[in-house]
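Okay, structure first, notes after.
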2 protein chains.
Amino acid sequence: MTTSENTTSLCSGNVCPCQEKCPLSAALEIIGGKWKIPILCSLYNDGPTRYNALRKKIKGVTNTMLASSLKELEADGLILRTQYNEMPLRVEYELTKNTNRLIPILGSLSAWGKEIKN
Amino acid sequence: MTTSENTTSLCSGNVCPCQEKCPLSAALEIIGGKWKIPILCSLYNDGPTRYNALRKKIKGVTNTMLASSLKELEADGLILRTQYNEMPLRVEYELTKNTNRLIPILGSLSAWGKEIKN
DNA sequence: CTGGATCCAGAGGGATACTG
DNA sequence: CAGTATCCCTCTGGATCCAG
């Protein structure tokens, strides 16, 4: 009676296309937006980084967008914010383990993006 | 002299974060937007599908968005449009091999999206 | 140094009506 | 049946200035 197992379903498993929020669309929204990937790439390449250092490394980003993107990434559990109450104030951002599990997937996506450009 | 190989770089390999369009951002733009994933999911689940059938399966999509999304997906080589000059006109859309290589990656992303929701 | 507040332009997306 | 055309609106993202 039940449908045979569908282990490769991209969405909720039964109702596609993504009527209710499917995890795939959810994931894409989390890493969507103009600056999320550059931020994650930078933190992945360089490790814990200060706010101003990020702003310099990510060409073209403004305070507004960097701050709001960092806040969203933190709220979604993708980055960790550590504040050191020194003088002057120091704040560092770094990837979480959630994000480390995401990295190879992004790597595959990147490779796929490279291939289809031919 | 050359930097040691960096096979895990998400971007171009040397200049991160994504100053010039990196393949990762490019890939995300191709599958971005509100309706691309639902379209791909639907075609993946059901195979070749007619325009009006797609419109019924994808809840909430309008003619404007469905037509423009299909056009973009076709231009990016993710779907194939086949027109049968019958009466009435019949047009079917289906995934290409490029997209079939993308599917497992999206599956991983979906699984990741499910995990971090806890 | 690390952001927040405000204002604004442009793109993405929706509703409706119409066409080959 | 398979889309276009048109209008409109929201929302993202940019510029600038300000604050703890």
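The shown structure was predicted, so the numbers you read here are calculated from the model rather than taken from an experiment. Residue numbers begin at 1 in each chain, while the letters A, B, ... track the order of the sequences.
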About how many Å separate CG of B/Leu95 and OH of B/Tyr44, when rounded to the nearest 0.5 Å? 9.5 Å

For B/Arg101, give me all partners under salt bridge (Lys or Arg N to Asp or Glu O under 4.0 Å), at least two apart in sequence or on another chain. A/Glu115

Show, in sequence, the C-alpha distance, side-chain angles and deciding distance for B/Asn98 and B/Asn100, and conclude whether the side-chain contact (heavy atoms from CB on, under 4.5 Å) test is met. CA-CA 6 Å; B/Asn98 275 336; B/Asn100 289 327; over 6 Å; no

Name the nucleic acid region contacted by B/Asn63, choosing base, sugar-phosphate or nothing; use a 4.0 angstrom heavy-atom cut-off, strictly under. base

Taking only heavy atoms on the protein side, list every residue of residues 70-96 of chain B lying under 4.0 Å from any atom of DNA chain C, sorted numerically. none

Is there a path of hydrophobic side-chain contacts, each under 4.5 Å between heavy atoms of I, L, V, M, F, W or Y residues, that connects A/Tyr51 with A/Leu80? no

Identify every side-chain donor-acceptor pair in residues 32-41 of chain B under 3.5 Å, counting partners at least two apart or on other chains, and give the distances.
from    : atom 1 : to      : atom 2 : distance (Å)
B/Lys36 : NZ     : B/Ile30 : O      : 3.1
B/Lys36 : NZ     : B/Glu72 : OE1    : 2.9

Find the bend of the helix from C/dC1-D/dG20 to C/dG20-D/dC1 as the angle between its two terminal axes (five pairs each), to the nearest 10°. 50°

When you list every nucleotide of DNA chain D with an atom under 4.0 Å from a heavy atom of chain A, which one comes first 5' to 3', and which comes last? D/dG13 to D/dT16

Using a 4.0 Å heavy-atom cut-off, does B/Arg55 contact any base of the nucleic acid, only the sugar-phosphate backbone, or nothing at all? nothing

In whole Å, I'd like the distance from the CD1 atom of B/Ile30 to the C1' atom of C/dG12. 18 Å

Verdict with reasoning, B/Thr49 to B/Tyr93, per side-chain contact (heavy atoms from CB on, under 4.5 Å): CA-CA 5 Å; B/Thr49 311; B/Tyr93 295 90; 5.8 Å; no

Distance in angstrom units between A/Lys34 NZ and C/dA11 C1', rounded: 11 Å

Looking at every strand, decide which applies to B/Gly60 at a 4.0 Å heavy-atom threshold: base, sugar-phosphate, or nothing. nothing

Partners of B/Ser108 by side-chain hydrogen bond (donor to acceptor under 3.5 Å, both in side chains), sequence neighbours excluded? none

Does A/Thr62 reach a base, just sugar-phosphate, or nothing at all? Heavy atoms under 4.0 Å. sugar-phosphate

Contact between A/Ile79 and A/Glu94 at the side-chain level, heavy atoms closer than 4.5 Å - yes or no? no

Walk me through whether B/Leu102 and A/Ile116 qualify under side-chain contact (heavy atoms from CB on, under 4.5 Å). CA-CA 10 Å; B/Leu102 173 65; A/Ile116 65 165; over 6 Å; no

I want to check something: taking the side chain as every heavy atom from C-beta on, are B/Leu43 and B/Thr99 in contact at a cut-off of under 4.5 Å? no

Expressed in angstrom and rounded to an integer, what is the separation of B/Trp35 atom CH2 from C/dG14 atom C1'? 10 Å

Whichever of B/Arg50 and B/Thr64 has its nearest DNA chain D nucleotide further upstream toward 5': B/Arg50

Kindly indicate, with the supporting measurements, whether the criterion side-chain contact (heavy atoms from CB on, under 4.5 Å) is fulfilled by A/Lys57 and A/Leu54. CA-CA 5 Å; A/Lys57 287 179 182 175; A/Leu54 269 179; 5.5 Å; no

